[in-house]
Amino acid sequence: MATERKDMYLPEREFVEQANIQSRAEYERMWKQSIEDPETFWGYIAKDFHWFKPWVKVYRGEPEIGDNEWFIGGKTNISYNCLDAQIEKGRGDKVALLFQGEPEADCKRFTYKELLKHVCRFANVLKKNGVKKGDRIALYLPMIWQLPVVMLACARIGAVHTVVFGGFSAEALADRMLACGAKKLVTTNGYWRGGKKINAKANVDRACMLCASAGLTIDDVFVVDRMVDFDVPYIVYRDTSLSKELMLEEISDFCPAEKMDAEDPLFIMYTSGSTGKPKGTLHTTAGYMVYTYTTFKYIFDYKEEDVFFCTADIGWITGHSYIVYGPLLNGATTVLYESVPTYPEPDRFWHIIDKFKVTTFYTAPTVIRSLMNRDIKWVEKHDLSSLRLLGSVGEPINPEAWQWYYHYVGHDHCPIVDTWWQTEAGGILISAIPGAMGLKPGSAALPFFGVKPVILRARNSGDEPAEEAEVNEKGELCLASNWPGIMRTLYGEPERHISGYYTQQPGYFFSGDGAYKDEDGYFWITGRIDDIVNISGHRLGTAEVEKVLCSHPGVVEAAVVGYPHPVKGEDLYVYVVTSAEWEGNDALRDELKNLVRQEIGPIAIPGKIQFVQEMPKNRSGKIVRRILRKIASGVGNEIDASMLNILAEPGIVKIIDKERIV
Ligand code: WTA
């Protein structure tokens, strides 16, 4: 790359010349229109889609309170647009999905025509078994090709999917099914992970039992037979083998796409909030479709011959938007890999890139950090010359990881788009457009079309008006506009939708992240400012973990905070006050870890547990987590008099710091 500016990596001329947007001026012009005249801007883009009935009005809403309606009156179907519409455009024989199972030989290619056939057949099986438009259906599936197929099958018939990450426990799965009233579920008999066969069905059976005892009877469990010779018990009347159903003669290759209203629900994605209960972000049909399509096209500078590989799990929003919907809506070839980057060796991603001639690779900083710790030969032995663009998501990317990614993976010529967004957003909100602007390592660069971020100063009281921060002044990252992909509400909790996002800075969407904006208008995200911790790119509410810990008879009080972790980005540090009968020892530590594993899942197992006599509390009895965070991060020396002054018992801070677990 040319380096005309010391602090910026400017795109090479060859990249710019082929780019979908080629200059900052062009980007600025488009951005300005998207903000000033969203109806013309998005209306024009939406013409790229198939509509059963055109919309009457592009947009109506009030960004101050999260009220949104897009493509009002229009009828469409996202599954139709991902598949049928691509075939109509001549892409029928183009590869839509490349599936790489954990065993190297387990590799499948699906053209658009083939994918459509599978989707229709799965949709017909679901329909035959009573799944209807508007039904919520949980998908507890690993990264196998059937997962996108089932998602598209649900979308085709109007069933609302809620994909639950396979790393969640039975309890967490049941919580989510109960929260949205999902009476049907799709799962698998098992899958591969790091050379081991994992049984997913046992968790499902337990989750169904938990649902039943909470009053929700699960009518149907559909089982994908991922593993051959892997017998799992079937419960008669409830469990159905999908492969057996698919063999039935009556199952046709054709299933008409339901004419969905633009604002009909498409999916619910659960994410962590600052209270114990996960939040069900509700995404609707047309706006999400238009937004994921557009972000994919411009941010990944999509070209017809590209092969796109996103390593996120489909159980999270990134996989929804950038393995499944965004790529397919563009008629792209998307790669789905079942397993971990280190199996059988720590070069599996690089191997897959060469094998499928991947052009665009999208991963998380935690993955990069874990791979850069390995012998450099693992990456150097691969060609990687098919790559032309790299992406990063999930947390701020540290400069070392950025440089390593740029040099060893991108061979010093692939731009890296650092994409900032969240589950609530549906698609990327802040990112470089790679042909249009230079990159600054560590900065997510500029807002995408329709997105108007502002940095606001923290407010101390409810009456203070919102106040914008100065250039380079850290503040709270908020959003002042609506964009088509934004969630419409929290499923079943409309009040929490408002109180959780629109009251911290009244009139703005509060992202929960800290950030500042530099003199070039580039955004630098500094991390969460609320009680959410980002572990290996997985979002987790500390309150959720505290609730679980407090359910143990030995725990009187628990406080959970994040602390920096060299690979995971952050990890959980737990402070526990035990009850008189319990001793704070390793046995109790193990019990608490197991409890968290069982109630939430392995991702939430705390890295460190410290037993303390007392928590630092303010005079009204509230635990001051700010102090605990400093101690956990090893910067107890930064706790100054102003912080200690608010405590009822300042003396205990010294003791806690002294006994810190290193
Ligand atoms: C963090 C994932 C810095 C951020 C798409 C956000 C990032 C949370 C970035 C959302 C990035 C995501 N730079 N931080 N490029 N991308 N984050 O809902 O704290 O799982 O609020 O969505 O991840 O996580 P979520």
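Every heavy atom of this structure was used, including side-chain atoms; hydrogens, water molecules and symmetry mates were not. Throughout, numbering of the chain's residues begins at 1 and tracks the sequence. Whatever order the structure lists ligands and atoms in, that order sets their numbers, starting from 1.
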Heavy atom of Ala444, distance to ligand 1 below 4.0 Å: no
Where ligand 1 meets Thr318 - atom numbers and elements under 4.0 angstrom, heavy-atom basis: 5 (C)
Minimum-distance pair of heavy atoms, taken over all atoms of Glu263 and Trp70: OE2-N, 2.7 Å
Ring geometry between Tyr325 and His320 (parallel below 30°, tilted from 30 to 60°, perpendicular above 60°): tilted
Between CD1 on residue Ile35 and CZ on residue Phe449, distance to nearest 0.5 Å: 10.5 Å
Location of contacts on Gln422 toward ligand 1, heavy atoms closer than 4.0 Å: both
Region of Thr419 that comes within reach of ligand 1 [heavy atoms, distance under 4.0 Å]: backbone
Nearest option to atom 20 (O) of ligand 1, as decided by whichever heavy atom of Val533, Leu477, Asn534, Thr423 sits closest: Thr423
Straight-line distance of Ser339 OG to Ile144 CD1, nearest 0.5 Å: 12.5 Å
Per-atom contacts, ligand 1 versus Arg528 - under 4.0 Å to a heavy atom: 6 (C), 19 (O), 21 (O)
Heavy-atom nearest neighbour in the protein, as seen from atom 24 (O) of ligand 1, with distance rounded to 0.1 Å: Arg539 CD, 3.3 Å
Proximity flag Trp421 to ligand 1, non-hydrogen atoms under 4.0 Å: yes
Contact check, Gly512 vs ligand 1, heavy-atom distance below 4.0 Å: no
Within reach of ligand 1, part of Ile525 (heavy-atom separation under 4.0 Å): side chain
Close side-chain approach of Arg369 and Glu400, heavy atoms under 4.5 Å: no
Nearest non-hydrogen protein atom, atom 19 (O) of ligand 1: Asp513 OD1, 2.6 Å
Whether Tyr291 and Trp42 hold their rings parallel, tilted or perpendicular, with breakpoints at 30° and 60°: tilted
Heteroatom proximity flag, Gly394 to ligand 1, N/O under 3.5 Å: yes
Near-ring test Tyr501/Tyr508, centroid separation under 6.0 angstrom: no
Glu544/Lys277 ion pair, N-O < 4.0 Å: no
